[in-house]
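Below, chain A is the first sequence line, B the second, and so on; all start at residue 1. Quantities reported herein were computed from a predicted structural model and do not represent experimental measurements.
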Amino acid sequence: MSAKYEHKEHHKDDHKSLIQWYKKNKRSLPWRASKDPYKIWLSEVMLQQTTVVAVIPYFEKFLEKFPTVQDLAKAPEQDVLEAWAGLGYYSRARNLHKAAKALAENGFPETAAELLELPGFGPYTSRAVSSIAFGEKVGVLDGNVIRVLSRKYGLKTEWWNNKARAELQTISDQLAAFGQSDSLNQGLMELGATVCTPQKVMCVLCPWSQDCVARDKNLIEKLPLKKPRKQSEVWVWKPLVAIKDNKVALIQNDYAPFLKGQWIFPGEIAMEKSKPKDYDVKHNITHHDIFIQITQKKSLAGRNIQWVNLKELKKVNPSSLLQKVLQKVFQKVSQ
DNA sequence: AATGCGGGGTC
DNA sequence: GACCCAGCATT
């Protein structure tokens with residue numbers, strides 16, 4: 001054990017104060033009303049890169065459509081994607097569906113190690129489901145937990161590096177090992193989401209504020225360390241948009257550096273030094289800043305073209321990029 | 001180890 | 001409008 005953790009030994013009741021705080025202050029959220037592993041899992045996957053506010057309506061609707069893991073397993077993938085449309089990161093939905101097929105058959109394994117074998121279950125989701133639904137004494141490590149632990153114990157951990165990240169995982173595991181790992185893990189995340197936030201930190205509400213290294217040493221703004229970022233690139237995309245009989249012409253993307261292999265409008269794309277003066281729509285995919293200049297066509301020919309009904313578009317490609325472009329096209333028409 | 005995947009929030 | 005955010009799969 002490194003010297004860094006010895007600090008922690010001085011505060012052996014950290015887990016108790018956090019759990020007590022969580023039980024008193026937790027928000028009432030739809031997925032907290034149940035111990036059903038399916039619902040816990042669904043919420044964790046939806047919450048992976050999305051905010052609580054955005055997730056709630058999707059979560060409710062999704063469960064109306066697919067009330068059990070068996071319902072999800074037997075649904076066509078396109079229906080699952082449609083229910084996910086707007087949430088982003090659509091491979092999450094595809095993997096959710098794949099895993100549902102295995103889970104519907106055999107039921108949920110109750111340990112993180114077993115869950116980890118399933119598609120879409122990484123270290124975080126496996127531990128979240130096993131601890132929250134089944135009480136396994138394993139700690140979670142997500143962005144919230146990284147922030148809380150880095151500050152509380154004053155750790156300058158380069159958490160994006162796997163080896164360094166393992167140190168934080170160890171601390172989280174140690175806290176969970178005391179018991180009530182469900183409340184402990186959710187407490188860590190709740191604290192990070194509501195009190196120990198990236199900005200406007202509310203230490204006055206924190207159960208750990210009396211013994212927080214970052215607070216003592218005025219390091220709140222410095223921790224956690226920031227991951228170095230890849231510089232963003234400016235791309236100008238000139239899609240050809242042809243609409244006929246409520247159908248739109250798409251090709252399988254072999255020319256743009258984003259959404260590879262997915263059905264998008266045909267057209268041209270180029271990387272530029274700076275953003276163009278005129279554009280119709282702007283979209284962002286990771287480090288691609290995409291400036292879109294739309295060309296409307298009366299017709300389009302080519303053997304690779306697929307004409308997709310506008311009502312079915314979200315099933316073929318749920319990305320909001322296409323929705324944004326079409327919205328602009330209809331806006332132009334009505335002007 | 002590095003890259004791709006999207007949408008939303010903040011200032 | 002510029003900048004920030006992060007879990008999982010793939011390569």
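Across all strands, A:Asn95 comes closer than 4.0 Å only to sugar-phosphate atoms, never to a base (heavy-atom distances). No contact: A:Glu44 has no heavy atom under 4.0 Å from any strand. At the heavy-atom level, A:Pro123 lies under 4.0 Å from the strands shown only through sugar-phosphate atoms.
Side chain to side chain, A:Asp182 and A:Ser131 fail the donor-acceptor criterion of an N or O pair below 3.5 Å. Using a 3.5 Å distance cut-off with no hydrogens or angles, the side chains of A:Tyr153 and A:Trp208 do not pair a donor with an acceptor. Using a 3.5 Å distance cut-off with no hydrogens or angles, the side chains of A:Tyr255 and A:Glu268 do not pair a donor with an acceptor.
Neither OP1 nor OP2 of B:dG6 sits under 4.0 Å from any side-chain N or O of A:His288. An OP1 or OP2 oxygen of B:dG4 is reached within less than 4.0 angstrom by no side-chain nitrogen or oxygen of A:Tyr89. Taking 4.0 angstrom as the limit, A:Arg165 places a side-chain polar atom (N or O) nearer than this to OP1 or OP2 of C:dG7. An OP1 or OP2 oxygen of B:dC11 is reached within less than 4.0 angstrom by a side-chain nitrogen or oxygen of A:Lys200.
Nearest-nucleotide positions on DNA chain B place A:Lys227 closer to the 5' end than the other of A:Leu321 and A:Lys227. Of the residues near DNA chain B, A:Lys163 and A:Leu259, the one whose nearest nucleotide (by heavy atom distance) lies more toward the 5' end is A:Lys163.
The distance between atom CD1 of A:Ile146 and atom P of C:dA6, rounded to the nearest whole Å, is 7 Å. Atom CG in A:Leu47 sits roughly 12 Å away from atom P in C:dC8 (whole-Å rounding). In this entry the distance linking CD1 of A:Ile290 with P of C:dG1 reads 17 Å, nearest Å. For A:Lys282 and C:dC3, the NZ to P distance is 10 Å, given to the nearest whole Å. What separates NZ of A:Lys226 from P of B:dT10 is a distance of 16 Å, to the nearest Å. When the P atom of B:dG4 is taken as reference, atom CZ of A:Arg92 falls 19 Å away, rounded to whole Å. Taking atom CH2 on A:Trp159 and atom C1' on C:dC5, their separation rounds to 9 Å, with Å as the unit. Residue A:Trp160 contributes atom CH2, which lies 19 Å from atom P of C:dC8 at whole-angstrom precision.
For B:dG9 and C:dC8, the P atoms lie 22 Å apart once the distance is rounded to whole Å. When the P atom is used for both C:dA6 and B:dC11, the distance is 15 Å, rounded to whole Å. Across the P atoms, B:dG6 and C:dT11 are found 15 Å apart, a figure rounded to whole Å.
Salt-bridge formation is not detected for the pair A:Lys314/A:Glu82: no Lys NZ or Arg NE/NH1/NH2 atom is positioned less than 4.0 Å from an Asp or Glu carboxylate oxygen. Salt bridge A:Asp173/A:Lys137: absent, no basic N to carboxylate O contact under 4.0 Å. Residues A:Arg32 and A:Glu190 are paired through a salt bridge, judged by an N-O separation under 4.0 Å between the basic side chain and the carboxylate.
Proximity note for A:Thr51 (side chain, C-beta onward) versus B:dG8, B:dC11, B:dA1: the nearest is B:dG8. For A:Gln48, counting side-chain heavy atoms from C-beta on, the closest listed nucleotide (C:dC8, B:dC5, B:dG6) is C:dC8. When distances are taken from the side chain of A:Gln262 to each of B:dT10, B:dG6, C:dC8, the shortest belongs to B:dG6. If you check C:dA6, B:dG6, B:dA1 against the side chain of A:Arg147, the one that comes closest is C:dA6. Looking at the side chain of A:Gln199, the nearest of the listed nucleotides B:dG7, B:dC11, C:dG7 is B:dC11.
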